Each structure stands twice: as structure tokens, then as C-alpha cells.
Amino acid sequence: MMENRSFDHMLGALHAEDARINGLAGNETNPDTANEPAQVAPQAEFQSQLDPDPDHSFPAVQKQLFFGTPGPPAVAAMQGFVQSYWDQQHNVAHSHKIMYCFAPGKLPVLHTLAQSYAVFNGWFSSIPGPTVCNRAFAHYGTSFGQVNLDIFYVKDASESIYERMLAAGRTTKLYYFDPSSSTQEVVNLLKNQPQIFGTYQQFLEDCKNNALPDYSFVEPNYSDHPGDDGGELLASDQHPDHDVQAGEVFIASIYDAIRQNPDLWQSTALLITYDEHGGIYDHVPPPACIPDGFHAPLADTNNMPFAFDRLGVRVPSILVSPWIAKGTVVPGPEDPANGRVFEHASIPATITQHFIGNYDNRTPREKAAQTFLDLLTDEMRPDSDCPTIEFE
Amino acid sequence: MAQPPVIRVPKPARSSYQPNRPLSKSSLLQSQVKHFRDLEKDLPPERQTGIPIDSITTEGQAAEYIRRMTVQLHRPPGGV
């Protein structure tokens, strides 16, 4: 799971190459503070463009979504991204950069994998807010009522997907990059369940040795820091203002580790996703969802009632496997008849369905979440059809 | 025999490496430091880092604090 980039920012320009991908037509705009239209443009850069880090706290995201509308329950207009970014620096020209997207081919790894395997038009972050609460949905199927970056505490008997897997006699591991990067939001588990954790290096070795557990969750490097050998380790999470290319290398290395092992390649599904949009523009209004039973504290929402009954901004998600038909585009809200809506609770929902089966001790939200293994077909693609990696 | 398509992956620029980036630029890393600090309070004194949280002002310093805390916490049950 990567950090803080919206679907349109990373993949939106692919719409020009494949009209089924619900990206950008190129004429989408947001009003700036001079009431001039700021238009989307394929001018995103790897680094030094989104500095300061765009605000993606709960109140800021409400502005991004509902600017120019009466607010929820109205449908989000997606017209407040530029205004929200302006709030941080009061620089009109700079605020337009929140509309930029990556040109086709500028992200060779993400763009090629999206077009070679399955890309989701309708995968949304779980909450219109920041990292920690969104990542919690991938681990627990809920954030236990939180919409911010505070450490969260498990408020009922809900178990993480890792604890569920172990209780069911399955194997699982959460691989963080290294001790200097460590894990986000599940540090409590690090203390209480250390056996479920491993490192990125161990992940690579486990891939080589056919030792991957049934379910793995891999975290990128969250900081620039020295390695054990004194070398320079770049943050690979793609969080602004970290280098997006370093994230490309990271994603490629995960794919390559699986792809290089024939046994693993044919028995593994790799989901690449992003925790939230990071304040960056996307044009698709987040839909409503089944509440998870909590209400956010009003102090955290700028007094806007929030019952976890609508999703956050859309994020890139790609499912990789040789059992997926080439060029699969999973329709989203743009297709009222066949569209499907996914969110991070879809992750524990899918893992639970596949490895555990009936399991009741989870939120209504997770129980209702779409699962995605039905995208696997019964026909394995030939090796020559599946891209390989060459690191320059 | 047909060869699979190749994805060529460029190296990031060396200038991208900025461990002295101010911690104040990343609410995410700030919160991660706070989370570890929250756990550190419950550790016995001999396992605490002794690093004052206010002295952590760069991304590299945050990484070093997180490293020391992770090493303390990520131990096998019953380990020392």
C-alpha cells in the first residue's frame, strides 16, 4: 500500500489511450481563488512540485469535495481542490499544480501494470481524510471511529486480519521496509504480535524461497535515511514530496520478486493500492457506503457530523496475476449497470472470504465490502504475455 | 519463442535523497514518531531510547528514533 496519490493524478491520463479507464478527458477544471478555471494538465513531476504537502485532513478534504455545494448529503462537486491548496500558501499559480497528472508512460511501472492486468475504476479510500485512519481499514475493516492521524485503539473485539488469519491456522505477515521506516498505524501490533512482522528484505528472501505466507501486506519506505551499509535509502512511499520514481522502483521490485519465481507467480495475486488521495485532484465523487457503526468526534471534523457513511477520494488500485485477462478494466460508478465500488475494507473482506470463510466478528462495513478474487479467470496467460522488469 | 514485454525502470535522481528534510513537512512522520513515543512510555526505563521527542526535527532523525523503537518492540515473545 502506497501513500497519498489520487487515481486521476497517477492514472487519469491513461484515459487518452484506453477510453474504458475512467480518467481525465483533459478539460476538467477547478476554480482558483481569482475565480479563474485551473485545468488538469499532464505536467506532474516526480518531486518538488507538491511542496508543501497538500492538506488532507478531514476538514480540508470536505472543502475539496463540497466547495460550491451545500455540503453532504449533496453529491460532491470535486471543485475545491485548488481552493484548498491555495489555503496553505496563498499562491494562485502554485495552487493549480494540485490539478496535474502524470503523462502516459511517465510512470512506466504503474502505467504498464495497469494496462497489462486489472485496473479498478472504482476503488476509493475508506475515509475522506488522512493516512492512519484509512490504513486502519485495510488492517481491521474499520478505523474505530477515527478520522485523523492519532494512534488508534481497538474499541471492541474486532481483530486485525492478521490475528484472524493466525486464529484460523493460516499464515500471514506484515512486511515493513526496515526498522528505520517501520510500520504505520499498527505499532500496537508490533508490540503485542511481533511474530506477524517481517522486513522488505525478508519479503524478497521469502519470495525466492517459496516461503511467502498465505497473506502478506508490504509497506514502502516512509523516510529518506541511511541504510545499514551507510548507503542512501530513498523513501519509496510516494508521499509528497518524496520521489515518485523511488516508488516506481519499489513497486517494480515487489512485482519482480513474485514474477521471477514461477511457482509463486502462478499462485499469487498482487494488489497495488494507495491509502488516500493526499489532497490531490480526482474527478469522481465518492459514493455512499454502509456505515461501520461509529461516529467521528465533532472536534476532529470541524463540527461536521460524520457517520462513516460515505467514502473518501478515489485512489489507484491494480490487481496483478497471470490469471487476469490482459487489459482488464473493472468498471466503477461511471457504469451504473455493471459498476462496482471497492474500498480498503475490501482487503480484509477478500482475505477473510478466501482463507477463513464465515467470520462474523467484523463491522457491517467490511461485511458489505466488495471482494475482488472473482477477477481471476480460469485461464493462465502465457509467460510471454506478462511483462518482466529491467532495472536501469 | 516470443519474449515477454520489458518494463524498464529508471533510477531516481541522487539529489532526491533529503534526510535533512524538516520533520514539520510531514504530518505522517510526525504522527508515527508520536505513536512510538506513546508506546515508549510503557517500556521499562532500560529499554527506552532516552531521546527527547522535541529534539527530533528532521526526517533522518525521525528514522533513527523509529529504528531504535522498532528494535525494542519487534522482539519475539519472551525475547530480551
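Side chains included, hydrogens not; waters and symmetry mates left out as well; all remaining heavy atoms used. Here the structure is a predicted model, which means the values were calculated and not measured.
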Contact summary for [X] and [Y], nearest pair of heavy atoms:
| X | Y | result |
| --- | --- | --- |
| A:Ser384 | B:Ala2 | CB-O, 3.4 Å |
| B:Pro4 | A:Thr388 | CG-CG2, 3.6 Å |
| A:Pro108 | B:Arg8 | CG-O, 3.7 Å |
| B:Ala63 | A:His225 | CB-CB, 3.5 Å |

Is it the side chain or the backbone of [X] that comes within 4.5 Å of chain B heavy atoms, both, or neither?
| X | result |
| --- | --- |
| A:Pro382 | neither |
| A:Arg259 | side chain |
| A:Ala246 | both |
| A:Gln47 | side chain |

Query raised in the report: Within the side chain of B:Gln32, is there an N or O that forms a donor-acceptor pair under 3.5 Å with the backbone of A:Ser181?
Result: yes
Query raised in the report: Counting distance only, does the side-chain N/O of B:His35 pair as donor-acceptor with the main-chain N or O of A:Leu149 below 3.5 Å?
Result: yes
Query raised in the report: Are the side chains of B:Phe36 and A:Ser182 in touch, meaning some heavy atoms are under 4.5 Å apart?
Result: yes
Query raised in the report: Under 4.5 Å between any side-chain heavy atoms of A:Phe197 and B:Thr70, yes or no?
Result: no
Query - CD1-OH distance between B:Ile7 and A:Tyr255, expressed to the nearest 0.5 angstrom - result: 5.5 Å
Report summary line: chain B shares the most heavy-atom pairs under 4.5 Å, among A:His242, A:Glu248, A:His111, A:His56, with A:His242
Query raised in the report: Do you know which of A:Asp51, A:Asp385, A:Leu113, A:Asp53 has the most heavy-atom pairs with chain B at a distance under 4.5 angstrom?
Result: A:Asp51
Which bit of [X] is near chain A, if near means a heavy-atom gap under 4.5 Å: side chain, backbone, both or neither?
| X | result |
| --- | --- |
| B:Leu28 | both |
| B:Ser27 | both |
| B:Lys34 | neither |

Query - Listed once per pair and sorted, the salt bridge (charged side-chain N to carboxylate O under 4.0 Å, His left out) pairs that draw on residues 48-63 of chain B, sequence neighbours left out - result: B:Arg21-B:Glu59
Query raised in the report: Among residues 9-19 of chain B, which residues come closer than 4.5 Å to chain A, judged by heavy atom distances?
Result: B:Val9, B:Pro10, B:Lys11, B:Pro12, B:Ala13, B:Arg14, B:Ser16, B:Tyr17, B:Gln18, B:Pro19
